Amino acid sequence: MQIPFTESAPRNGKDFNLTNGGCSAWILPTGEICAAAGRSLLGRELLAIDLSRDAVHDITLATSELVTNGLRHGIGRDQRRDDAAIPAPAHLELWAYRRATLESQLVVKVFDPLPGWRRPGPEQAGTYAECGRGTQIVEALSERWGWHLTRSRLAAQLIPGKVAWFCVPIDVPCEQVPRLPVCQAAQALLAELASRGITRLQCHHGNGHSLVALPGLTVWAEEPGIFRWHDPTGEPGEYVRTPIADLVHVVEEAVRIHEYAAAVEAARAATEQGQDVPGQGGR
C-alpha cells in the first residue's frame, strides 16, 4: 500500500524533532514527486529554525540528490536484485537532526531497504552518469558524506537497510537540551534502540554510571554527562565519547554498529556455506 503524501508528517515516536533537539523523520512518497517532497518537507523545517535561504537551498539540493539515488537504486524496480530481496511495501525515509557539538552541525539521512551500495565505476559512466553527478553534488555541498547499514525508523515492520547521509555546519545554534542524569540517559538510549526493533538489550546501573549492552556493542553513560563506547569499525583500542545531549547521534551509531556486527556474522556464515554476501557499508 502506498502511503499518501499528506500522511508524511514528521514523527519519530516522540515530541522531539529537528526544531527542538530531536530527529525529524518522514516517509517519502514513491514516484516522480519523491525528491520534490523531500525538498519541501525538509525545507520547511530548516526555515523554521531560521536557517538562511541560501543554506536551505544547498541542503535541500543535496538531499534531493540522495533521495533520487535512493529512489532509483534503493527501491527502483528496474534494478537487479541478485544480492537482496526488497521488503514490501518499500519506501524511502528522510531523517534530519542536529549534533550537540561545539560546532552546530546538521545531519541529513535517506533510508532505503537495500543493504548494499553500488557507486558507479568508470566502466559504468555511460549508464550511471546522472547518478555519478548526483553524488558529486552531495560531495561538493557537504562537509562529509557516506553511507552505512541501519534500520528503518518509520516502517510498519522495522526493516534493515542502509542510509546515505551528509552533514554540514550551520550558523544556527543547537537548542540546549536538558542534560539527563546518567541512569535516565541510559534508559532513553535503551528505549530508542528497542523502538528500532533491536532485541537482546540489557541495561545496568551502578554508582555514577550506567550501561546499555546490545549484540556487538556496550555503551556507557557516565558522569560528567557523557556516553562512551568502543567502535569495532574504528581505531583499535580507542573509545568514542560524546555528550549525553547528543542522544540522537549515539542511537544512530549504536544501530549502525549493531547492523555491522550482524552483517559480519552473516558474512561468516555465508562464507562457510560458499555464498556471496552484500557489502557491509561505511561510516
Side-chain angles (χ1 to χ4, degrees), residues 12 16 18 21-23 95-109 111 117 142-151 153 160 162-170 174-198 200-265 279-283:
N12 61 345
F16 292 111
L18 178 62
C23 179
W95 312 339
Y97 61 92
R98 285 189 277 179
R99 293 286 315 278
T101 59
L102 293 177
E103 176 191 58
S104 192
Q105 190 179 75
L106 176 75
V107 182
V108 177
K109 298 187 174 185
F111 172 86
W117 173 271
S142 64
E143 184 175 76
R144 290 184 295 128
W145 76 284
W147 74 278
H148 62 77
L149 299 178
T150 191
R151 286 175 171 247
R153 285 177 172 269
K162 70 172 181 296
V163 288
W165 62 271
F166 68 88
C167 65
V168 293
I170 55 175
C174 190
E175 291 289 330
Q176 292 297 315
V177 180
R179 181 172 72 82
L180 296 173
V182 293
C183 59
Q184 293 184 29
Q187 289 295 146
L189 175 59
L190 183 78
E192 288 284 350
L193 294 174
S195 74
R196 301 287 284 275
I198 294 178
R200 297 164 55 195
L201 293 165
Q202 299 181 43
C203 187
H204 303 282
H205 304 290
N207 185 18
H209 68 269
S210 298
L211 69 85
V212 175
L214 59 154
L217 181 67
T218 298
V219 180
W220 296 83
E222 301 172 326
E223 296 295 353
I226 64 166
F227 284 113
R228 173 176 64 90
W229 67 93
H230 171 64
D231 183 352
T233 70
E235 294 295 328
E238 290 191 1
Y239 279 87
V240 180
R241 292 174 173 83
T242 193
I244 278 175
D246 210 10
L247 177 64
V248 176
H249 174 69
V250 177
V251 172
E252 287 296 300
E253 286 293 277
V255 175
R256 176 184 68 82
I257 293 170
H258 175 273
E259 296 303 293
Y260 170 84
V264 169
E265 178 60 26
Q280 295 172 1
R283 298 178 65 187

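In this text, all values refer to a predicted model and were calculated from it rather than measured experimentally.
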- Query: Within a strict 4.5 Å, meaning less than it, do heavy atoms of the Thr150 and Phe111 side chains meet?
  - Reply: yes
- Message: Just verifying a value: how many Å separate Ile257 CD1 and Asp231 CG, rounded to the nearest 0.5 Å?
- Response: 4.0 Å
- Message: If you compare all heavy atoms of Ser210 against all heavy atoms of Ala186, which two are closest, and at what distance to 0.1 Å?
- Response: CB-CB, 3.5 Å
- Note on the structure: In this structure, CD1 of Ile226 is separated from CD1 of Ile244 (nearest 0.5 Å) by 8.0 Å
- Message: Looking at Lys162, is its backbone amide N or carbonyl O close enough to the side chain of His148 to form a donor-acceptor pair, meaning the two atoms are under 3.5 Å apart?
- Response: no
- Item | Nearest non-hydrogen partners of Asp246 and Arg98, listed with the distance | OD1-O, 4.4 Å
- Message: If the condition is side chain to side chain donor-acceptor pair (under 3.5 Å), which residues does Glu265 pass it with, not counting sequence neighbours?
- Response: Arg268
- Message: Would you say that Tyr97 contacts Arg99 through its side chain, given a criterion of any heavy-atom pair below 4.5 Å between the two side chains?
- Response: yes
- Message: Could you measure the distance from the CZ atom of Phe227 to the CD atom of Glu222? Nearest 0.5 Å is fine.
- Response: 10.5 Å
- Task: Compute both the distance and the angle, then confirm whether Arg256 meets the cation-pi test with Trp165: under 6.0 Å from the six-membered ring centre, within 45 degrees of the axis.
- Result: no
- Query: Are Val108 and Val168 close enough, and set up right, to give a side-chain contact (heavy atoms from CB on, under 4.5 Å), and what steps lead you there?
  - Reply: CA-CA 9 Å; Val108 177; Val168 293; over 6 Å; no
- Task: For residues Pro160 and Leu149, determine if any side-chain heavy atom of one lies less than 4.5 Å from a side-chain heavy atom of the other.
- Result: no
- Just checking, is any N or O donor in the side chain of Gln187 or His205 under 3.5 Å from an acceptor N or O on the other one? yes
- Note on the structure: When rounded to the nearest 0.5 Å, the distance separating SG of Cys167 from NZ of Lys109 is 10.0 Å
- Item | Residue list, ring-ring contact (aromatic ring centres under 6.0 Å, His included) with His209, at least two apart or on another chain | Trp220
- Note on the structure: Between Leu214 and His258 the two heavy atoms that sit nearest each other are CD1-CB, 3.7 Å
- So which heavy atom on Ala188 is nearest to which on Leu180, and how close? CB-CD1, 4.2 Å
- Indicate yes or no for a side-chain donor-acceptor contact from Arg153 to the backbone of Arg196 under 3.5 Å, with no hydrogens or angles considered. no
- Enter the distance from Ile198:CD1 to Leu193:CG here, rounded to the nearest 0.5 Å. 5.0 Å
- Message: Among residues at least two apart in sequence or on other chains, which ones pass ring-ring contact (aromatic ring centres under 6.0 Å, His included) with Trp229?
- Response: none
- Task: Output the distance between atom CD (Glu252) and atom CZ (Arg151), rounded to the nearest 0.5 Å.
- Result: 13.0 Å
- Which heavy atom of Cys203 sits nearest a heavy atom of Val212, and at what distance? SG-CG2, 4.2 Å
- Closest heavy-atom pair, Ala213 versus Thr218, reported as atoms and distance to 0.1 Å, is CB-OG1, 4.0 Å
- Query: Does a side-chain heavy-atom distance below 4.5 Å link Val107 with His249?
  - Reply: no
